[in-house]
Asker: 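The structure's right below; bear with me while I get my questions together.
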Amino acid sequence: MFGLLKKIFGTSQTRLLKKYAKIVQEVNRIELGLQNLSDDQVRNKTFEFRQRLSQGEPLDQILPEAFAVVKNACRRLCGTQIHVSGYDQQWDMIPYDVQILGGIAMHYGAIAEMQTGEGKTLTASLPLYLNALTSQPVHLVTVNDYLAQRDCEWIGEIFRWLGLTVSSLTSSSPHHQRKRIYAADIVYGTSSEFGFDYLRDNSMAQSKEDQCQRGHYYAIIDEVDSILIDEARTPLIISGPSGVSRQMYDELKDDIANLVLHQRNLCNRLATDARKVLEKYDRFSEISQERKLTKEEDLEEKEAYRKLWLVAKGTPQNKILKRIRENPNLRANIEKWDIYFYSDPHKEERQKTLAELFIIVDEKANEFELTDKGIHSWIEETKRTATTDDFVMLDLGDEYAKIDQDPDLSEQDKLQRKVSVREEDARRKERTHNLRQMLRAHLMMEKDVDYIIAEEKIVIIDENTGRPQPGRRFSDGLHQAIEAKEGVAIQAETQTYATITLQNYFRMYKKLAGMTGTAMTEANEFKEIYKIDVLAIPTHRANQRKDTDDEIYMTEREKYNAILRDIQQIHDKGRPILIGTESVEVSEKLSRILKQGKLEHTVLNAKNHAKEAEIIADAGKMAAITVATNMAGRGTDIKLKPGVADLGGLHVIGTTRHQSRRIDRQLRGRCARQGDPGTSKFYVSFEDSLMRLFASPRITGFLQRFRPPEGEAISAKVLNKSIETAQKRVEQRNYTIRKHTLEYDDVMNKQREEIYSFRNEVLHSEQTLPLAREILENLLCQMCHKYFVNKSLEGGWNPVGFRQWLVAHFPLSFNAEEFDDDYLTFDDIENLSMEKVLTAFDSKLSHEAGVIAQVQERMPNIPNRLPPEAILHEIIRSLLIRNIDKLWQEHLLHIDHLRTEVHLRSVGQKDPLLEFKHEAFGLFDSLSLRIKQEIAHALFKFEMVVPELPQEPELRPMQRRKPLIDLSALPELDIPK
Ligand code: ADP
Ligand code: MG
């Protein structure tokens, strides 16, 4: 069945390639004709195409000619000097046919899979030019700032020559220039700059002039897998200082550290005990395995393995345990307990055993759980400091009912009590949340693997690339929790102002395309989530790379020794070597090993992109040894220096198989570009996290039988297969996580779209007064529906309640019977209330307009003064924006909490996502009501104040009680609340 699918898949790919190949011929034919034209005639094509488009000719129809023009422009550029990244470079590129092919695929919104060194950068110029002819925003997304700038200078030459504008957007582009940057026909920039600008435009811009993007038409994402897959797990977040700080990390940190220490000591004790027993029975030497034990001895031994099993559940990284597991026999004996405990009849026994721990750690699922013992210990520990039990939450409904039933309380008191109950509830939730995050920091986050400490700060390390990500923070308080754990200064609590996942950002483009050397393994995901197909483009020259079988070792120690041997051998021949590592930690370890072996080498801990590119480019020199984390230098290709090809080209070494096959391919693809020779080889050990966590238990049995002598590789076809299975398992798991993030963000996405579009309406509308009136009407209509449902229904008609609500929210008075009249229909009541409120609002406005006019009279020298009405529009605009932003930010905070909360509920067998959707919907509902209410309040509350103009301004300028309205600084004007 799989074979059949593959065939269909295969043929649809070939069919498409054939179809596009015809277009390539056409492009080449047209280009031939262009060669007879003058430069100006070719340049003029841009103008001609734009005209044809404006007359309705479809873009697809122009493709062959437009591509031909780009190709021809390249031809004409040949020999010219171009200044790129500080050096003069001679232009020598005319797109190959396969590049034109890739360009066509990308115009049609596919991901072009083209190997490293095939020239994707140039390929992109073809569809970029074509799509920019529409004058709509066209963006090329690069991996880093350095490449954005380089490609804009380098490839940008084509566009400039053809009369289009091109710009680069980097993290150092000043904000006031960004509008100009986006105005260009084609913009090169990184995904986070594009994403953050979108968020800023929609959550911070105070006027339409402040917004810099002009929409999202066509984007090509370079190294698309790294952006849409590797980076997709952490959303972009704009945050700022939070209004109220309830951060309790400092208060919790010592107690948490103690609890974790208890657990560590317990597990160490268990492991030491177990080791002693195993030593007693000589289990570590290979020879005496067969000694018969008495019944008691046998029990004692079994108990030792049980303890080790428990240690694996409590502290999976325990050193003693790790040592013991190196021996396949002992490892198998521990695993026997796993099989035993996870069979159904032993479930209870398992629970009882696990209850000996304080915390159960599930390394695979990246989760943990406090046991009853852990909870008790926590309560004991914190008795001195905590006044309440951290694990008992308030039942708000219950508490409210109690307050309501208390006859001794006045209405006012009741309200007060409820507010404090609610505050207490929020405090407890926050504390529990902090507590969990602190535990997570201790149990699941490892220094130098998940983060590093640099300059007294916690810096995230990207798990796929080992690249430090300064400036990014773990969300939801985890970052602060790690800061507390490591004893560095805890940054002020921040609040999310705006957030979006890269996935959802890129889904806004009308057309999306991508390019990379490695997309095929993730083709399904691209299809399912982004609706993009992957098309594998043939290489310009046949690939000469030789991939050797993996070498698999029992332990890391043996693995590194083998790697060192390999390096030495290849190095002696003078061939350059590139060694890929999965983390900073490993690259440092390897560097130490190389130093001991007196091998000169360069280590790349990606930080400075420009230097990084240089180092990577030098990696093709004779006898060079380069150690790099995987992603380092992506986007820069390694060209072989003279003579190297004759020796056999670049040799690539992988120090482990990665969590996804794609990353392996990426590393392999670093050598043998454009028909060069090259070789690659991966080294794997059973202590690698991939094998430790995801290899099937069958493997242990296999190893028991086939454990080779120390230092020798295990060679068996079956292992290659099981490594791939393990990788597929992880790929699947990671895909689920990404999908999960997206599913949650999807809920938010709808809400975000709604709020942002409302906000944009406010920013862009010429007149804001009608909008304000509309909001008032809308609010009244909604409340009428709430208070007046049905006359004949008990409690279904509530004029008193409605009147009370009106009085509470508007500065108006009403007669007692205002709405309490049997003859009044629903519509009457609605009209009546609207009329009253709107009339009051109008008179409020004319009053304020009067004040403004008065102020203006007193300050006759202000230039460009606006009429009072226009000033009111601006004031209302800023008032609406502020309220939307404030409440939306609060909403985001609630949603953050909800997200953690629903996961606690999954224990109760409820689907957390469903719960989340349901409650998020409810929260959004109340958000929209609150926005209307708060805006209504604000509309009646703002006040213009006539300044008491001093006779001699210099003498007493500071004696104003209320803020003075400075008419010259209007948009930033501070409205008295
Ligand atoms: P990729 O992104 O596919 O790995 P690049 O775009 O970085 O590859 O290009 C790799 C190298 O190939 C560059 O040095 C570039 O100058 C060269 N190159 C690309 N296309 C051509 C071409 N049509 N003719 C000559 N050289 C080319
Ligand atoms: Mg590239």
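First listed ligand is number 1; within each ligand, the first listed atom is number 1. Excluded from the calculations below are hydrogen atoms, water molecules and symmetry mates; all remaining heavy atoms, backbone and side chain alike, are included.
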Asker: Quick one: do Glu551 and Lys681 satisfy salt bridge (Lys or Arg N to Asp or Glu O under 4.0 Å)? Show the steps, please.
Answerer: CA-CA 8 Å; Glu551 271 187 29; Lys681 184 167 196 168; 2.7 Å; yes
Asker: Measure centre to centre between the rings of Tyr509 and His139, then say whether the value is under 6.0 Å.
Answerer: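 Yes, they do, as the ring centres are separated by less than 6.0 Å.
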Asker: Within the 4.0 Å heavy-atom shell around Gln115, which atoms of ligand 1 are there?
Answerer: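 Matching atoms, with element in brackets: 3 (O).
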Asker: Is there a heavy atom of Met114 sitting under 4.0 angstrom from any atom of ligand 1?
Answerer: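 Checking ligand 1 against Met114, which is what was asked, there is no heavy-atom contact under 4.0 Å.
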Asker: At a 4.0 Å threshold, what atoms of ligand 1 neighbour a non-hydrogen atom of Leu122?
Answerer: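 Close to Leu122: 20 (N), 23 (N).
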Asker: Name the option, out of Arg150, Lys120, Glu118, that contains the heavy atom nearest to atom 2 (O) of ligand 1.
Answerer: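 Looking at heavy atoms only, Lys120 sits closest to atom 2 (O) of ligand 1.
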Asker: I'd like to know whether ligand 1 has Lys639 as a neighbour, heavy-atom separation below 4.0 Å.
Answerer: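 A heavy atom of Lys639 does come that close to ligand 1.
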Asker: For atom 10 (C) of ligand 1, grab the closest protein heavy atom and report residue, atom and distance to one decimal in Å.
Answerer: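 Its nearest protein heavy-atom neighbour is Asp637 OD2, 3.1 Å.
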Asker: Near Ile94, which atoms of ligand 1 are under 4.0 Å from a heavy atom of that residue?
Answerer: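 This gives 22 (C), 23 (N) as the contact atoms.
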Asker: If you count every heavy atom of other residues, nucleotides or ligands that lies below 6.0 Å from Arg180 atom CZ, does the total exceed 12?
Answerer: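 No, the 6.0 Å shell around CZ holds no more than 12 heavy atoms from other groups.
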Asker: Regarding atom 25 (C) of ligand 1: of the candidates Trp91, Tyr96, Trp154, which has the closest heavy atom?
Answerer: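 Checking each option, the heavy atom nearest atom 25 (C) of ligand 1 is found in Tyr96.
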Asker: Check Arg662 with Glu525, please: is the shortest side-chain N to carboxylate O separation under 4.0 Å?
Answerer: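 No, no charged N to carboxylate O under 4.0 Å.
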Asker: For ligand 1, which atoms sit closer than 4.0 Å to a heavy atom of Thr116?
Answerer: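 Result: 4 (O).
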Asker: One thing to verify: whether Lys728 and Glu731 come together as a salt bridge, which I'm taking to mean a side-chain N less than 4.0 angstrom from a carboxylate O.
Answerer: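 Lys728 and Glu731: not salt-bridged.
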Asker: For atom 17 (C) of ligand 1, which protein heavy atom lies nearest, and how many Å away is it?
Answerer: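 Protein heavy atom at minimum distance: Met93 SD, 4.2 Å.
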Asker: Answer with side chain, backbone, both or neither: which part of Gln99 has a heavy atom less than 4.0 angstrom from an atom of ligand 1?
Answerer: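 It is the side chain that gets close, since no backbone atom is under 4.0 Å.
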Asker: Taking NZ, NE, NH1 and NH2 as the nitrogens, is one of them in Glu26 or Lys22 under 4.0 Å from a carboxylate oxygen of the other?
Answerer: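 A salt bridge is absent here (no side-chain N lies under 4.0 Å from a carboxylate O).
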Asker: Give me the residue, atom name and distance of the protein heavy atom closest to atom 4 (O) of ligand 1.
Answerer: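 Scanning the protein heavy atoms, the shortest distance from atom 4 (O) of ligand 1 goes to Gly117 N, 2.7 Å.
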Asker: What are the atoms of ligand 1, with element, lying closer than 4.0 Å to any heavy atom of Arg673?
Answerer: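 Answer, ordered by atom number: 11 (C), 12 (O).
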Asker: Take atom CD in Glu600; do more than 12 heavy atoms of anything else shown fall under 6.0 Å from it?
Answerer: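 Check fails, neighbour count at 12 or below.
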Asker: Just jot down the ligand 1 atoms closer than 4.0 angstrom to any heavy atom of Asp92, in number order.
Answerer: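 In order of number, 25 (C).
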Asker: Just to confirm my output: which protein heavy-atom neighbour is closest to atom 8 (O) of ligand 1, and how far is it?
Answerer: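 Nearest protein contact, heavy atoms only, for atom 8 (O) of ligand 1 is Gly119 N, 3.2 Å.
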Asker: Are side-chain N/O atoms of Arg575 and Thr679 paired as donor and acceptor at under 3.5 Å?
Answerer: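 Their side chains do contain a donor-acceptor pair, which is all the 3.5 Å distance test asks for.
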Asker: Considering only heavy atoms of Thr121, which atoms of ligand 1 have at least one such atom less than 4.0 Å away?
Answerer: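 Close to Thr121: 2 (O), 5 (P), 6 (O), 7 (O).
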Asker: Taking the ring of Phe194 and the ring of His216, is the distance between their centroids below 6.0 Å?
Answerer: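 Judged by ring-centre distance (under 6.0 Å), His216 and Phe194 do not meet the cut-off.
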Asker: Salt bridge check, Asp39 against Arg76: does any charged N sit closer than 4.0 Å to a carboxylate O?
Answerer: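 Yes, this pair counts.
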Asker: Inspect the contact between Arg661 and Asp664 and indicate whether a charged nitrogen and a carboxylate oxygen are less than 4.0 angstrom apart.
Answerer: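 A salt bridge is absent here (no side-chain N lies under 4.0 Å from a carboxylate O).
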Asker: Tell me the contacting part of Thr123 for ligand 1: side chain, backbone, both, or neither, using a 4.0 Å heavy-atom threshold, strictly below.
Answerer: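 It is neither part, as no heavy atom is under 4.0 Å.
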